[in-house]
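Report on the structure given below.
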Amino acid sequence: MKDLQHNQGLDSAHTDAVEQAFSFDTIAIRTGHSPTHEAEHSEPLFLTSSFTYGSAEEAAKVFSGEKEGNIYSRFTNPTVRAFEQRLAALEGAERCVATATGMAAILSTAMAFLAAGDHVVCSRAVFGTTVGLFEKYMSKFGVKTTFVDLTDLNQWEHAIQPEKTKLFFCETPSNPLSQVADLEALSTLAHKHDILFVVDNCFCTPALQQPLKFGADLIIHSATKYLDGQGRAMGGAVVGNAKLLEEVFLVTRTLGPSMSPFNAWIFLKGMETLRLRMDAHSASALKLAEWLQSHPAVKQVYYSGLPSHIGHELAKRQQRAFGGIVSFEVKAIEGQDNGRTAAWTVIDATKMLSITGNLGDTKTTITHPATTTHGRLSAEAKAAAGITEGLIRIAVGLEDIEDIKADLARGLDALL
Ligand SMILES: *Cc1c(COP(=O)(O)O)cnc(C)c1O
C-alpha cells in the first residue's frame, strides 16, 4: 500500500503505467488523487474559478501551452481532473472529459464530430432526451438522424449513407425494456464504413460493462445516475482515446458545458463504492424480476438477467451482471382500458418506492414510462419502442429486497 500511495503524486504518464496493474476497486478508490502539500487523505475540493502564476512569463507559457498548468475552471480544474482520471481508468480508456450533465456529454460529442450535411444512425430505444437532441436540435444545424432497432443489425447497415454517416449512437441495455445490443457487431460495421461508434454506458457503468473492449470509440456517461449513486448531483462524461477526447475537450472549454468541481468531488466519492453498489443493485433486481415473473397479475417481465429474456446470452457475454433496471407489464383489468389503470393502481399503492422518472439511486424508483419518461413520443413511436400502457419501470435501489417486494405486492395483489 505504501508504494501505491507514493505513486499517486507522479505525473500522469507514470501514474497510468503504474495503475494498469491495479484492479477495478483499487482504481475506483485511489486513482486521480494526488495529495497537495497539505498531505490530505481524502480528495480535496478546489472551488476556484481561476488560477494564478508566479510571473508574467509563467502566465504567458501556460496560456500558450508551452507549460502545463491550470488557467480557468471552464478548461481544467484539479477536482474535475481527478474525476476524469478515475473514470477514464475505470473504462480502460486514455482520457475522459467531464461535462455538466449527461446531455452535455452527448451534445459535446455531437458538436465535436458532426457538421452540416452529416448523418447519424441512432437506436430508437435511447434516453428520450437523446432523441430530442438529434431530432429537434442537431437537425437545425443540418445533421440528419435515422432511428433504427437496437438489435437489428440489418437496419443499421441499411441506414448508412455513404460518405455522410459519421456516427452510430446506442445505449445498451436499453431503457426500459432491457434490450441488448451486440457491441462487437456494431463496432465492426461502423469501422468498415469509417463511422464513429458511440455507446451510452449509463445503465451498466464500467463496473458491469466496458464498451471499449468491444470496439466502441467513445463512451457517454450521465454521472447523475449510478456514478453518483445517491441522487445528489448532475454531471456527465465522454470517455475514449486521447485524440478523440482532445476534440471533445476543445468543445467543452469553448462552449462551456463543463463540470462543476463540487459535483466532481461528489462523483469521486460515489465512484469509490461503484462496484459494490452495482453488484447489489443487480442482485436485488434479479430477485425482483424472478418474483415478478411468478406473480399472476404480471403479463411479462423485461430483465436481461432472466434466462427467458431474448438478450440474456449476449448480456452475459458483454456484462459482469445485469444492472438495476427491471420493467414489467401488468395484465389489463377486465373491461377496463388497455392497461394504464392497472399500472397506475400498482404505482399508487406503493408507500415506500419513490414515484419518479430518475434512476441510479440508493432509493428504489417506480415510473409509468408511457406517461412520463416516454410520454412525449407519438403513439407510433411508443408502439415501435414497446412502451405499452401496462408497462412499469423499476430502478431497484439498495433497500432490503423484501421491503421492495412487499411495497409492490400491495398493488399487484389488488389486481387479482
Ligand atoms: C439520464 C440519462 C442521460 C442524460 O443525463 P443527464 O445527466 O440527465 O443530462 C443520458 N443517457 C441515459 C441513458 C440516461 O439515463
Side-chain angles (χ1 to χ4, degrees), residues 80 83 87 91 96-111 120 122-138 147 150 167-181 183 198-209 211 216 218-239 248 252 255-260 262-264 266-267 270-271 278 281 285 304 319 322-327 356-361 365 367 369 372-377 385 387 393-397:
V80 175
F83 163 84
L87 184 56
E91 286 284 12
C96 164
V97 170
T99 54
T101 61
M103 289 318 301
I106 301 173
L107 176 64
S108 302
T109 302
M111 295 304 274
V120 174
C122 180
S123 59
R124 207 168 269 129
V126 286
F127 186 64
T129 318
T130 305
V131 175
L133 182 146
F134 284 118
E135 210 166 51
K136 183 155 178 220
Y137 292 100
M138 291 319 290
F147 293 93
L150 179 68
L167 208 119
F168 271 12
F169 190 101
C170 84
E171 202 179 296
T172 181
S174 74
N175 174 18
L177 297 185
S178 207
Q179 288 177 304
V180 184
L183 293 175
V198 184
V199 177
D200 184 331
N201 199 28
C202 169
F203 276 35
C204 274
T205 81
L208 303 186
Q209 171 173 271
L218 291 167
I219 297 169
I220 300 290
H221 277 289
S222 167
T224 316
K225 313 292 169 49
Y226 291 107
L227 297 185
D228 172 8
Q230 288 142 85
R232 299 166 293 189
M234 306 286 303
V238 188
V239 188
V248 178
T252 57
L255 303 188
S258 317
M259 179 180 279
S260 136
F262 182 77
N263 291 9
I266 287 176
F267 300 137
M271 281 191 284
M278 292 314 290
H281 282 295
S304 66
Q319 303 169 207
F322 305 99
I325 311 297
V326 177
S327 292
T356 170
N358 199 26
L359 59 98
D361 199 309
T365 66
T367 196
T372 60
T373 53
H374 294 69
R376 289 200 199 148
L377 296 187
I387 314 292
R393 188 193 74 191
I394 310 271
V396 183

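Note that ligands are numbered from 1 as they come in the structure, with each ligand's atoms numbered from 1 the same way. Worth saying up front: this structure is predicted, and the values here are computed from it rather than measured.
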Checklist entry - Between atom CD1 of I266 and atom CZ of R232, what is the distance when rounded to the nearest 0.5 Å? => result 5.5 Å

Item to check | Inter-residue atom distance H221.NE2 - F203.CZ, 0.5 Å rounding | outcome: 13.0 Å

Item to check | Side chains of T372 and T367, donor plus acceptor under 3.5 Å | outcome: yes

Provide, to 0.1 Å, the distance between [atom] and the closest protein heavy atom, together with that atom's residue and name.
atom: atom 6 (P) of ligand 1; result: G102 N, 3.3 Å
atom: atom 4 (C) of ligand 1; result: F127 CE2, 3.4 Å
atom: atom 7 (O) of ligand 1; result: T224 OG1, 2.6 Å

Next on the checklist: Checking L150 against R124 for the side chain to side chain contact (heavy atoms under 4.5 Å, CB included) test, could you report, in this order, the C-alpha distance in whole Å, the side-chain angles of both residues, the deciding distance, and whether it holds?
Outcome noted: CA-CA 7 Å; L150 179 68; R124 207 168 269 129; over 6 Å; no

Next on the checklist: I'd like to know if G235 contacts ligand 1, where contact means a heavy-atom distance under 4.0 Å to any ligand atom.
Outcome noted: yes

Next on the checklist: I'd like to know if D200 contacts ligand 1, where contact means a heavy-atom distance under 4.0 Å to any ligand atom.
Outcome noted: yes

Any nitrogen or oxygen of [X], side chain or backbone, less than 3.5 Å from one on ligand 1?
X: S222; value: yes
X: M103; value: yes
X: M234; value: no

Next on the checklist: Show the atoms of ligand 1 that are less than 4.0 angstrom away from any heavy atom in K225.
Outcome noted: 1 (C), 2 (C), 3 (C), 14 (C), 15 (O)

Between [X] and [Y], which heavy-atom pair has the shortest distance, and what is it?
X: A181; Y: T172; result: N-OG1, 2.9 Å
X: C96; Y: L87; result: SG-CD2, 4.1 Å
X: A216; Y: V199; result: CB-CG2, 3.8 Å

